[in-house]
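Quick notes on the structure that follows.
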Amino acid sequence: MDFQSFGLDQRVMDGIEAMQYDTPTPVQEQVIPEIIKGHDIIACAQTGTGKTAAFLIPIINKLLQSQVQEKVKVLVIVPTRELAVQISQQMEGFSYFAGTSSIPIYGGGTGAVYSNEKKALTSGVDMVVCTPGRMISHLNLGYVDLSSLEFLVLDEADRMLDMGFFDDIMKIISYIPNKRQSLLFSATMPPKIREMGRKILNKPKEINIGISMPPEQIRQEAYVLFEEQKPALVNYLTGDDKMKSILIFSDTKVGVKQLSRSLKSKGLDVEEIHSDLQQSEREAVMNRFKSKQLRILVATDIISRGIDVEDIDLVINYDVPNDAEDYVHRIGRTARAGAHGKACTLIGTKEQRKFASIEKLLGKQVEKTRPPEGIGKTPDYSPESYKPDNRGHGFGKPGFRKDKNRRKPFSGRKAKDSAR
Ligand code: AMP
């Protein structure tokens, strides 16, 4: 399937091309036609599946047919300011040729930011992407007119409920017309989300894009430690001679280079793969690893999907991957073809929350192994007590590259790839 088959307006197609999306993801394949038909949607889809574009593309297409002028027509409610900014940026990219407008509205910021938001809300921006609290502040002041709203989107609904936003969301909804198209996206589908869906949605179509679970033969372990203890633990894990073939993932190419240098300095048989290498160099390294002439390979996620190397004994996640899907893909590199394998994830304190959300999606706790004595005292596993790091989530943030005469959208996936 390609985007052409959705019968979209040429201006939307041009936006999709400018964002460099060639093929719809599964969630886009399922969601886009239903939104175009006018159905309400309740979709179980995680970050990283392409869910944002799944609702933005058909909404922009429909906005092009809307008769309503200079009124807010789309309200997207999200849990965090990061997500609000990220969605608005994608909206800007897709709207480049369609000319539809949007603004993120979130807490914090100066008085000038607040005035800007007020101006956009009163002059009728097409789409508002808001966090609940900030939207309520604007609504309370009486100048926001949501009477012409055509689309309501709740994104990461489970996270919003976890953060205690239920009442705020219902209050915002009390300001908008009942006749509207509503879309609810959630990474998980606990009963309270279904209950909320029953209150907000009208005969919704259910769409379920589950993540594939890791095979049972993979023994999953995790080590809870301080970031600075990670190199010593990797030395310990790679020191096990029974592990003949080891693949280590790090989030960034800088991380890969540092780790590979440090392991080489210990006399280990190590090479690296990341986007700074030529394709031919990558293939040569990969071949040595596949044919077992190379024992340890350190890599970014560029090889986490699709590579088929048999008999990898151990996969080490030096960093906690950004989402559950990346986790499943990475650890799936071991235990191929029914063999048994082991996957160890190193969880720094700032990564505890991220790992807890992966466990939530996996539907189980990963066994926490106590690091060897020599590593020193380690922290407890207490995800609620540690702040997440600032690396964002999903495939990274889309953005804009400024050239001399015009801003050109480019896709988030490309942005992230450049770090790999
Ligand atoms: P999301 O799940 O909406 O956070 O999307 C994850 C990432 O995938 C974003 O960086 C998008 O730019 C990218 N993405 C979504 N759909 C596609 C697609 N069809 N082709 C290429 N990249 C995509």
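All residue numbers refer to positions in the sequence shown, counting from 1. Keep in mind that the numbers below use all heavy atoms, side chains included, and drop hydrogens, waters and symmetry copies.
Residues Asp251 and Pro321 approach most closely at OD1-CA, 4.5 Å, considering heavy atoms. Minimum heavy-atom separation, Thr131 to Tyr106: OG1-CA, 3.3 Å. Ile103 approaches Ser88 most closely through the heavy-atom pair C-OG, 3.6 Å. Ser66 and Glu150 make their closest contact through OG-OE2, 2.9 Å (heavy atoms, listed as atom of the first residue, atom of the second, distance). Gln90 approaches Ala53 most closely through the heavy-atom pair OE1-N, 4.0 Å. Residues Glu351 and Val320 approach most closely at OE2-N, 3.1 Å, considering heavy atoms.
Checking side-chain atoms of Thr252 against main-chain N and O of Gly255 turns up a donor-acceptor pair under 3.5 Å. Counting only distance, with no hydrogens or angles, the side chain of Gln28 and the backbone of Thr25 share a donor-acceptor pair below 3.5 Å. In this structure, the side chain of Ser186 engages the main chain of Asp158 through a donor-acceptor pair within 3.5 Å. Formation of a donor-acceptor pair under 3.5 Å by the Glu281 side chain with backbone atoms of Gln278 is found in this model.
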Return all side-chain donor-acceptor pairs below 3.5 angstrom for residues 170-177, not counting sequence neighbours, or 'none' if the list is empty.
residue	atom	partner	partner atom	Å
Lys171	NZ	Asn140	OD1	3.1
Ser174	OG	Lys171	O	2.5

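Put simply, the residue from Glu283, Glu271, Arg282 that forms a side-chain contact (heavy atoms from CB on, under 4.5 Å) with Leu277 is Arg282. Among Arg180, Met127, Lys62, the one residue that satisfies the side-chain contact (heavy atoms from CB on, under 4.5 Å) test with Phe151 is Lys62.
The side chain to side chain contact (heavy atoms under 4.5 Å, CB included) check on Pro372 picks up Leu233, Tyr236, Ile375, with sequence neighbours excluded. In this structure Pro58 satisfies the side chain to side chain contact (heavy atoms under 4.5 Å, CB included) test together with Ile32, Ile35, Ile36, sequence neighbours excluded. In terms of the side-chain hydrogen bond (donor to acceptor under 3.5 Å, both in side chains) criterion, residue partners of Thr369 (sequence neighbours excluded) are, by chain and number, Glu221. For Lys119, there are no side-chain hydrogen bond (donor to acceptor under 3.5 Å, both in side chains) partners at least two apart in sequence or on another chain. Considering only residues two or more places apart in sequence or on other chains, Asp2 meets the side chain to side chain contact (heavy atoms under 4.5 Å, CB included) condition with Gln4, Ser5. Every residue two or more places apart in sequence or in another chain was checked for a side-chain hydrogen bond (donor to acceptor under 3.5 Å, both in side chains) with Glu228, and none qualifies. Annotation: side chain to side chain contact (heavy atoms under 4.5 Å, CB included) contacts of Asn235 (sequence neighbours excluded): Leu263, Lys266. Tyr223 is linked by a ring-ring contact (aromatic ring centres under 6.0 Å, His included) to nothing, counting only residues two or more places apart in sequence or in another chain.
Ion pairing of Glu206 with Arg194 is present here, as a side-chain N (NZ or NE/NH1/NH2) and a carboxylate O approach within less than 4.0 Å. Using a cut-off of 4.0 Å between Lys/Arg side-chain N and Asp/Glu carboxylate O, Asp240 and Lys342 are scored as not salt-bridged. Asp40 has no carboxylate O lying under 4.0 Å from a charged side-chain N of Lys205, or vice versa, which leaves the two without a salt bridge. Between Asp155 and Lys51 there is a salt bridge, since a side-chain N of the basic residue sits under 4.0 Å from a carboxylate O of the acidic one. Salt bridge annotation for Asp313-Arg219: absent, with no cationic side-chain nitrogen under 4.0 angstrom from a carboxylate oxygen.
Separation of atoms OG (Ser137) and CG (Asp168) is listed at 9.0 Å; rounding is to 0.5 Å. Atom-to-atom distance recorded for Leu152:CG and Leu154:CG is 5.0 Å, nearest 0.5 angstrom. Atom-to-atom distance recorded for Glu70:CD and Ser123:OG is 8.0 Å, nearest 0.5 angstrom. From Asp9, atom CG reaches atom CG of Leu64 across 5.0 Å, with rounding to the nearest 0.5 Å. Distance OG1/Thr238 to CE/Met243: 11.0 Å, rounded to 0.5 Å. Atom NZ of Lys360 and atom CD1 of Ile358 lie 13.0 Å apart (nearest 0.5 Å).
Remark: Lys368 NZ is packed, more than 12 non-hydrogen atoms of other residues, nucleotides or ligands lying under 6.0 Å away. With a 6.0 Å radius and a threshold of 12 heavy atoms from other residues, nucleotides or ligands, Lys257 has its NZ atom above the threshold.
Remark: Lys230 qualifies as a cation-pi partner of Tyr318 under the 6.0 Å distance and 45° angle criteria applied to the six-membered ring.
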Problem set entry | Stepwise salt bridge (charged side-chain N to carboxylate O under 4.0 Å, His left out) check, Lys350 with Asp319 | CA-CA 10 Å; Lys350 287 181 181 164; Asp319 304 300; over 6 Å; no
For this session: For the pair Met1 and Phe6, evaluate side chain to side chain contact (heavy atoms under 4.5 Å, CB included) and give the outcome as yes or no after the intermediate values.
Result: CA-CA 9 Å; Met1 181 176 253; Phe6 298 127; 4.0 Å; yes
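Residue pairs meeting the ring-ring contact (aromatic ring centres under 6.0 Å, His included) criterion with at least one partner in residues 127-147, sequence neighbours excluded, are Tyr114-His138, His138-Tyr143. The stretch residues 17-35 participates, sequence neighbours left out, in these salt bridge (charged side-chain N to carboxylate O under 4.0 Å, His left out) pairs: Glu34-Lys37. Residue pairs meeting the salt bridge (charged side-chain N to carboxylate O under 4.0 Å, His left out) criterion with at least one member in residues 123-138, sequence neighbours excluded: Lys73-Asp126, Glu117-Arg134.
Between Leu121 and Met135 there is a side-chain heavy-atom pair separated by less than 4.5 Å. Here the side chains of Leu247 and Leu314 are not in contact, with every heavy-atom distance at 4.5 Å or above. Looking only at side-chain heavy atoms (C-beta outward), Leu183 and Ile59 come within less than 4.5 Å of each other. Leu184 places a side-chain heavy atom less than 4.5 Å from the side chain of Ile193. The shortest distance between side-chain heavy atoms of Val74 and Leu63 falls below 4.5 Å.
Side chains of Ser382 and Asp380: a donor-acceptor N/O pair is absent below 3.5 angstrom, by distance only. Checked by atom type, the side-chain pair Gln220/Tyr327 shows a donor-acceptor distance below 3.5 Å.
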